[in-house]
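All chains are named by letter (A, B, ...) in the order of the sequence lines, taking the proteins before the strands, and each is independently numbered beginning at 1.
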2 protein chains.
Amino acid sequence: MELFRPIAPVKAYQEIINQLEETILSGRLRTGDKLPPERELIESLGTSRRTLREAFRVLEQKGLLEIKIGSKGGTFVADRIQERLGETLGLLMRTENVTQLELAEFRSNTESTVAGLAAERATMEEISALEAEVDSVEALLDHALIDQQRFIELEMALHQNLVTICGNSVYIPILKTIHEVLLYPMWEKDPIDRDYVKTALKDWRGLLDALRRRAPGDAKEIMRHHVSHFDGLDA
Amino acid sequence: MELFRPIAPVKAYQEIINQLEETILSGRLRTGDKLPPERELIESLGTSRRTLREAFRVLEQKGLLEIKIGSKGGTFVADRIQERLGETLGLLMRTENVTQLELAEFRSNTESTVAGLAAERATMEEISALEAEVDSVEALLDHALIDQQRFIELEMALHQNLVTICGNSVYIPILKTIHEVLLYPMWEKDPIDRDYVKTALKDWRGLLDALRRRAPGDAKEIMRHHVSHFDGLDA
DNA sequence: TAATTACAATGGTACCACCATTTATAAAAA
DNA sequence: TTTTTATAAATGGTGGTACCATTGTAATTA
């Protein structure tokens, strides 16, 4: 009889998850690396194929592994955590714990902060590159019909680039998730007319100016207005 | 020979995941509901236990299911998506090589925003409850030796409560992750003296005042200073 | 040479038996 | 009677083995 047994008994599949996760996160296994076939791994790990596969399913869901079937298939270390983050965020919304309004407010505040940081740190080259993209948006007005799909792509790219310019990588996955998972579908519903594009252009021109003037306060206000307008917070 | 075969062959476990996920998200199964035992479900679904269990593992990881072993155990519908969001966020930060500085900056900006929102929306009851907690921190000064562990717990709780007060649940999992995963270990390293606690107290008293005065700007500035001081951004 | 076929590697599925954990209940001891 | 202990039942956890499905490559055939 045992005097002491673990409070929370360790399950085999959980142990495998922990071990592989640690190996991947520590960098000993890198993105793209191929793991040994299941039938070999079970010998190294001293477990059964069934248990290993349950662990694989979890790590696949976490975005750390990617599993392909077929002759050249196998288990590969992946880098899809961001996708999963987006999926989870979408899941959270569907369960009605998070409203569209909360999300829009979060985006408004966060993008505004990012714009402020960008105004403090943007180099002339970065500003010029951004301006070139804004010009691309303006070019859309040359056509009688607005290419809605293209406009959304350009808008998205502009926001992504601004995040990069702000120099804090924490914001990148967070805003990318918000953009792709939640705003993309929203924008697709609302039809975009010429006035819409013109308003957006005015915002971006103003932002470029604020970046050049190193005016974080102005940049924040412009971006707050821009995002609020697009998300319908000002409606 | 087949003329047409599916582009992406549907895997059985994926089909089970989709089916159960849809059932849960549509509300036909609600949080706390107990699913039939594995051995019964495989008959309804026409699959094997192994396949069902792989699907369960994924849904458990997603935070939609909770599985308990033992006589009164079973598979239950859970509501742990927010936890998973936090976990995923932590994972992402570990893999994206986020620096401590970036993280501190993100926290400073975000907590500041949250404080501003709280100042706009806090009820008198919420402010009083927060004040009671601040009093608990002050009580730590009655002892010759500061209970470091307790101080950290109280600080953490104060921040969490402020997030709740701000009324936007998007911030909850994000800041919770930042706090638990990344700041906790940091705080444990630095020894906390009486002056440290006194400074923190002054910040919180000031914040309480700002909340009462409905002064978002002041609240934001105080919180920015408070967080920066603790994270060593001002050093 | 080009199309077809066969093979091999690898993950996907299935059935069966048994182990481990937890709870409830009954039996035994105080 | 009350407390402790042993037993049983329910349920998830693990292991083994065999076979199926998918995919790429090499051998075969026209």
Side-chain angles (χ1 to χ4, degrees), chain A residues 1-20 24 29 32-78 80, chain B residues 1-20 24 29 32-78 80:
Chain A
M1 173 177 162
E2 299 172 338
L3 279 180
F4 303 101
R5 67 184 167 77
I7 305 296
V10 182
K11 291 162 203 159
Y13 72 86
Q14 187 60 54
E15 183 59 32
I16 297 173
I17 292 172
N18 295 341
Q19 198 169 320
L20 282 174
I24 293 171
L29 279 173
D33 283 358
K34 185 175 184 298
L35 272 62
E38 295 181 350
R39 291 166 179 80
E40 286 181 27
L41 254 181
I42 61 176
E43 294 187 18
S44 320
L45 291 167
T47 183
S48 76
R49 212 178 145 208
R50 144 171 278 159
T51 305
L52 178 65
R53 283 172 57 74
E54 285 191 27
F56 274 6
R57 282 284 95 79
V58 173
L59 290 167
E60 187 185 34
Q61 166 58 31
K62 284 191 176 190
L64 290 170
L65 290 184
E66 195 163 6
I67 298 168
K68 298 173 191 164
I69 67 178
S71 163
K72 285 283 251 183
T75 308
F76 303 86
V77 178
R80 313 180 55 172
Chain B
M1 173 178 162
E2 298 171 338
L3 278 180
F4 302 101
R5 64 184 170 78
I7 306 297
V10 182
K11 291 163 202 160
Y13 72 86
Q14 188 60 54
E15 184 58 33
I16 297 174
I17 292 172
N18 295 340
Q19 198 169 319
L20 281 174
I24 294 172
L29 279 173
D33 284 357
K34 185 176 184 296
L35 271 62
E38 294 180 351
R39 291 165 179 80
E40 287 180 27
L41 254 182
I42 60 175
E43 296 187 17
S44 320
L45 291 167
T47 184
S48 75
R49 209 175 148 213
R50 145 169 272 163
T51 305
L52 179 65
R53 282 172 58 74
E54 286 190 25
F56 274 6
R57 282 284 96 79
V58 172
L59 290 167
E60 187 185 34
Q61 166 59 32
K62 284 191 175 189
L64 291 170
L65 290 184
E66 196 162 6
I67 297 168
K68 298 173 191 165
I69 67 178
S71 163
K72 279 289 192 177
T75 309
F76 303 86
V77 178
R80 311 180 55 174

J.: D/dT14, OP1 or OP2 - any side-chain N/O from A/Thr47 closer than 4.0 Å?
T.: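 Negative; the distance criterion is not met.
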J.: What is the per-nucleotide protein-contact pattern of nucleotides 7-13 of chain D, from the 5' end, where B denotes a base atom under 4.0 Å from a protein heavy atom, S denotes such proximity for sugar-phosphate atoms only, and - denotes neither?
T.: --BBSBB
J.: Check step by step if salt bridge (Lys or Arg N to Asp or Glu O under 4.0 Å) holds for B/Arg57 and B/Glu60.
T.: CA-CA 5 Å; B/Arg57 282 284 96 79; B/Glu60 187 185 34; 3.1 Å; yes
J.: Roughly, in whole Å, what's the span from CG in A/Leu65 to C1' in C/dT10?
T.: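 It works out to 15 Å between those atoms.
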J.: Once you round it to whole Å, what is the distance between C1' of C/dT13 and CD of B/Glu15?
T.: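 It works out to 15 Å between those atoms.
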J.: Please state how far atom CG in A/Leu52 lies from atom P in C/dT13, giving the value in whole angstrom units.
T.: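 Going from CG in A/Leu52 over to P in C/dT13 covers 15 Å.
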J.: Any side-chain heavy-atom pair from B/Gln19 and B/Ile16 closer than 4.5 angstrom?
T.: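 No. Closest side-chain heavy atoms not under 4.5 Å.
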J.: When rounded to the nearest 0.5 angstrom, what distance separates NZ in A/Lys62 from CG in A/Leu20?
T.: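 CG of A/Leu20 is found 11.0 Å from NZ of A/Lys62.
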J.: Any heavy-atom pair between the side chains of A/Asn18 and A/Gln14 that's under 4.5 Å?
T.: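 Yes. Closest side-chain heavy atoms under 4.5 Å.
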J.: Answer whether the closest heavy-atom distance between the side chains of B/Ile24 and B/Asp33 falls below 4.5 Å.
T.: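 Answer no - side chains too far apart.
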J.: Indicate every side-chain donor-acceptor pair of residues 64-78 of chain B with a distance under 3.5 Å to a residue at least two apart or in another chain.
T.:
| from | atom 1 | to | atom 2 | distance (Å) |
| --- | --- | --- | --- | --- |
| B/Glu66 | OE2 | B/Arg80 | NH1 | 3.2 |

J.: How long is the line joining CZ of A/Arg50 and P of C/dC16, in whole Å?
T.: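 After rounding, the gap between these two atoms is 13 Å.
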J.: Nearest-Å distance, CG (B/Leu45) to C1' (C/dG12)?
T.: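 Nearest whole value for this atom pair: 17 Å.
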